[in-house]
K.L.:
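Below is a structure I'd like to ask you about.
Computed from heavy atoms alone, side chains included, the values below leave out hydrogens, waters and symmetry copies. Because the structure is a prediction, the values reported are computed rather than measured.
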Amino acid sequence: EGIAKDWNHAFKKYLGAGKVGDVKNGWLEFKQVLAAIISSGGIPVLAHPLYYKLTNSKLKRLIQDFISNGGEAMEVINGFQNPQKTNYLKELCLSFDLKASLGSDFHSPSKWNKLGCHTNLVSGLKTVW
């Protein structure tokens with residue numbers, strides 16, 4: 001609409017910290033998010049747990065907190081990942097008695113897993129579906 005001459009100008013003038021277009025995120029508490037999922041009939045799934053870059057002990061504490069607030073499943077595969085990561089997440093599912101989820105990680109028509117494929121990668125686990 002001609003308000004800014006380009007992206008850089010828009011961010012510099014309107015979208016930086018403290019500027020008129022700066023909107024702070026209001027995050028719900030973990031417990032509230034899980035309660036909302038459960039009350040709407042959904043199954044809480046901990047998405048892409050290795051992307052949080054947590055140490056093993058912090059990841060296990062996150063999983064325990066997730067379960068204590070009603071969490072039931074964990075994403076074991078998200079797009080393409082190496083077999084070691086998949087095996088580690090499978091072990092975590094087994095040790096915490098979580099169901100497994102398998103995602104396609106679709107963001108655009110490029111490299112992604114087709115839905116419903118590769119379910120053999122989570123064999124031996126209880127699954128969300």
K.L.:
Which distance, rounded to the nearest 0.5 Å, do you find between the CD1 of I77 and the NE2 of H48?
P.N.:
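Going from CD1 on I77 over to NE2 on H48, the span is 15.0 Å.
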
K.L.:
Say whether, by atom type as modelled, one donor and one acceptor occur between the side chain of N25 and the main chain of W27 under 3.5 angstrom.
P.N.:
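Flag not set: sc N25 to bb W27 has no pair under 3.5 Å.
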
K.L.:
Hydrophobic cluster membership, with links at side-chain heavy-atom distances under 4.5 Å among I/L/V/M/F/W/Y: are I43 and W129 in one?
P.N.:
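No, no single cluster joins them.
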
K.L.:
For T86 and L89: C-alpha separation, side-chain torsions, deciding distance, then whether side chain to side chain contact (heavy atoms under 4.5 Å, CB included) applies.
P.N.:
CA-CA 5 Å; T86 301; L89 293 173; over 6 Å; no

K.L.:
I63 and I38: same hydrophobic cluster, using ILVMFWY side-chain contacts below 4.5 Å?
P.N.:
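Per the 4.5 Å side-chain linkage, I63 and I38 are not co-clustered.
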
K.L.:
Please check if the number of heavy atoms outside Y52 that lie under 6.0 Å from its OH is greater than 12.
P.N.:
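For Y52, atom OH is crowded (more than 12 foreign heavy atoms under 6.0 Å).
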
K.L.:
Applying side chain to side chain contact (heavy atoms under 4.5 Å, CB included) to L92 and K60, what does each step give before you reach the verdict?
P.N.:
CA-CA 8 Å; L92 287 173; K60 289 176 181 178; 4.0 Å; yes

K.L.:
At their closest point, which heavy atom of G71 faces which heavy atom of L98, and how far apart are they?
P.N.:
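Minimum heavy-atom contact is O-CD2, 4.2 Å.
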
K.L.:
What heavy-atom pair brings E75 and P49 nearest, and what distance separates the two atoms?
P.N.:
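That would be O-CD, 3.4 Å.
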
K.L.:
Where do G70 and P44 come nearest, in terms of heavy atoms and distance?
P.N.:
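Heavy-atom minimum between the residues: O-CG, 3.6 Å.
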
K.L.:
Would you compute the distance between atom CG of L15 and atom CG of N8 and round it to the nearest 0.5 angstrom?
P.N.:
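Taking CG in L15 and CG in N8, the distance rounds to 11.0 Å.
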
K.L.:
Between atom CG of L102 and atom OG1 of T127, what is the distance when rounded to the nearest 0.5 Å?
P.N.:
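That separation rounds to 9.5 Å.
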
K.L.:
Could you tell me which non-hydrogen atom of L125 sits nearest to which non-hydrogen atom of C93, and how far apart they are?
P.N.:
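That would be CD2-CB, 4.1 Å.
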
K.L.:
Describe, in one word, how the ring planes of F30 and F66 are oriented to each other, choosing from parallel (under 30°), tilted (30 to 60°) and perpendicular (over 60°).
P.N.:
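It falls in the tilted class, 30° to 60°.
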
K.L.:
Within this structure, what is the NZ-CG distance for the pair K126 and L94, rounded to the nearest 0.5 Å?
P.N.:
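The distance works out to 9.0 Å.
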
K.L.:
Counting only heavy atoms from other residues, nucleotides and ligands, does the tally under 6.0 Å from NZ of K19 exceed 12?
P.N.:
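Yes, the 6.0 Å shell around NZ holds more than 12 heavy atoms from other groups.
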
K.L.:
Begin from the C-alpha positions of D6 and H9 and carry the test side chain to side chain contact (heavy atoms under 4.5 Å, CB included) through to its verdict.
P.N.:
CA-CA 5 Å; D6 56 30; H9 180 248; 3.3 Å; yes

K.L.:
Test of understanding: clusters of I, L, V, M, F, W, Y form through side-chain heavy atoms closer than 4.5 Å, transitively. Do L50 and L46 belong to the same one?
P.N.:
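The answer is yes; both residues are in one hydrophobic cluster.
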
K.L.:
Does L34 belong to the same Ile/Leu/Val/Met/Phe/Trp/Tyr cluster as V45, with side-chain heavy atoms less than 4.5 Å apart forming each link?
P.N.:
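In one cluster with L34: V45, no.
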
K.L.:
Count I, L, V, M, F, W, Y as connected when their side-chain heavy atoms are under 4.5 Å apart, and connections chain through other members. Are F96 and L62 then in the same cluster?
P.N.:
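They do share one cluster, since a chain of ILVMFWY contacts under 4.5 Å joins F96 to L62.
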
K.L.:
NZ of K31 to OG of S68: how many Å apart, nearest 0.5 Å?
P.N.:
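K31 NZ to S68 OG: 8.0 Å, rounded to 0.5 Å.
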
K.L.:
Side chain of K90, backbone of V76: donor and acceptor closer than 3.5 Å?
P.N.:
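Side chain of K90 to backbone of V76: no pair is present.
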
